[in-house]
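Small disclaimer: the values here were computed from a predicted structure and weren't measured. When a residue number appears, it is its place in the shown sequence, counting from 1.
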Amino acid sequence: MTGKISVAISNLKNRNEMEWTYVHEIINPFFLKHNDQNWTDKIDHDSSEFTFVALQKYENSDEQIPFHFQKPDNFDKIEAINIVGLYQLIFRGSLRKQYHDYEILNAKLLDLLRKEYKMK
């Protein structure tokens, strides 16, 4: 059982590396080319709020802050859709396969340990 869980952990690490590489080699350069940092600064009040909390507040408000793509003449909508789509496939694959396999094995191992050591 521990051998199987070690393999599952190794598979997770490999998949996380694949996700990290995709983000750093594909998504980040695209983001750097087209992001409107002024918009982000307005949303999170120049980083005085955690960006994801500020985004949630913004989504639930009536406030309108226009976003302006940088270098719109170089923006390729199909490329953007494909970048996001491929990332979704990679991420979904990680969740449905590697994380799922790990969760099942982890639950079995915990069950065996609880039985062996008479724990609830």
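In the hydrophobic cluster analysis, where Ile, Leu, Val, Met, Phe, Trp and Tyr join through side-chain heavy atoms closer than 4.5 angstrom, L55 is grouped together with F50. Both I83 and F75 are assigned to one and the same hydrophobic cluster, defined by single-linkage of ILVMFWY side chains at heavy-atom distances under 4.5 Å. F69 and I65 fall within the same hydrophobic cluster, defined by Ile, Leu, Val, Met, Phe, Trp and Tyr side-chain heavy atoms under 4.5 Å apart, directly or through other members. A continuous path of hydrophobic side-chain contacts links L109 to Y102 [ILVMFWY only; heavy atoms under 4.5 Å]. The hydrophobic clustering, which links ILVMFWY residues whose side-chain heavy atoms are closer than 4.5 Å, places L112 and Y117 together.
When all heavy atoms are compared, the tightest approach of S47 to D44 is N-OD1, 3.0 Å.
Checking side-chain atoms of R15 against main-chain N and O of I90 turns up a donor-acceptor pair under 3.5 Å. Between the side chain of D41 and the backbone N or O of D46 there is no donor-acceptor pair closer than 3.5 Å. Without hydrogens or angle criteria, H34 side chain to Q70 main chain gives a donor-acceptor distance under 3.5 Å. Between the side chain of S6 and the backbone N or O of T2 there is at least one donor-acceptor pair closer than 3.5 Å.
Here the CG-CG distance, from N11 to D101, works out to 7.5 Å after rounding to the nearest 0.5 Å. The CE atom of M1 sits 10.0 Å away from atom CG of N106, with the distance rounded to the nearest 0.5 Å. Separating the CG atom in D36 from the CD1 atom in I43 is a distance of 10.0 Å, to the nearest 0.5 Å. Put simply, NZ on K33 and CG on N28 are 13.5 Å apart, with the number rounded to the nearest 0.5 Å. The line from CD1 of I9 to CG of L105 is 9.5 Å long, rounded to the nearest 0.5 Å. To the nearest 0.5 Å, atom CG of residue N82 and atom CD1 of residue I26 are 11.5 Å apart.
By the 4.5 Å heavy-atom criterion applied to side chains, M119 and L113 are not counted as neighbours. Residues Y58 and E63 meet the side-chain proximity criterion, which asks for heavy atoms closer than 4.5 Å. With a 4.5 Å cut-off on side-chain heavy atoms, Y87 and V23 count as touching. The shortest side-chain heavy-atom distance between N16 and E19 falls under the 4.5 Å cut-off. The side-chain heavy atoms of P66 and W39, taken from C-beta on, include no pair separated by under 4.5 Å. When side chains are defined from C-beta on, H100 does not count as touching L95, because their heavy atoms never get closer than 4.5 Å.
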N60/Q56 under side chain to side chain donor-acceptor pair (under 3.5 Å): CA gap, chis, key distance, verdict: CA-CA 6 Å; N60 294 318; Q56 188 173 35; 5.7 Å; no
Side chain to side chain contact (heavy atoms under 4.5 Å, CB included) evaluation trace for F91 with Y22:
CA-CA 10 Å; F91 193 74; Y22 189 81; over 6 Å; no
Note to self: Test side chain to side chain contact (heavy atoms under 4.5 Å, CB included) on V84 and Q88; report intermediate values, then the result.
What the structure shows: CA-CA 6 Å; V84 171; Q88 287 175 324; 4.2 Å; yes
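The environment of F67 atom CZ is dense: over 12 non-hydrogen atoms of other residues, nucleotides or ligands sit within 6.0 angstrom. Applying the 6.0 Å contact sphere to CG of D73 captures more than 12 heavy atoms from other residues, nucleotides or ligands.
Of the charged side-chain nitrogens involved, at least one lies within less than 4.0 Å of a carboxylate oxygen, so that E49 and K57 count as a salt-bridged pair.
For the pairing with D111, the side chain to side chain donor-acceptor pair (under 3.5 Å) check across K108, K115, R114 returns one residue only, K115.
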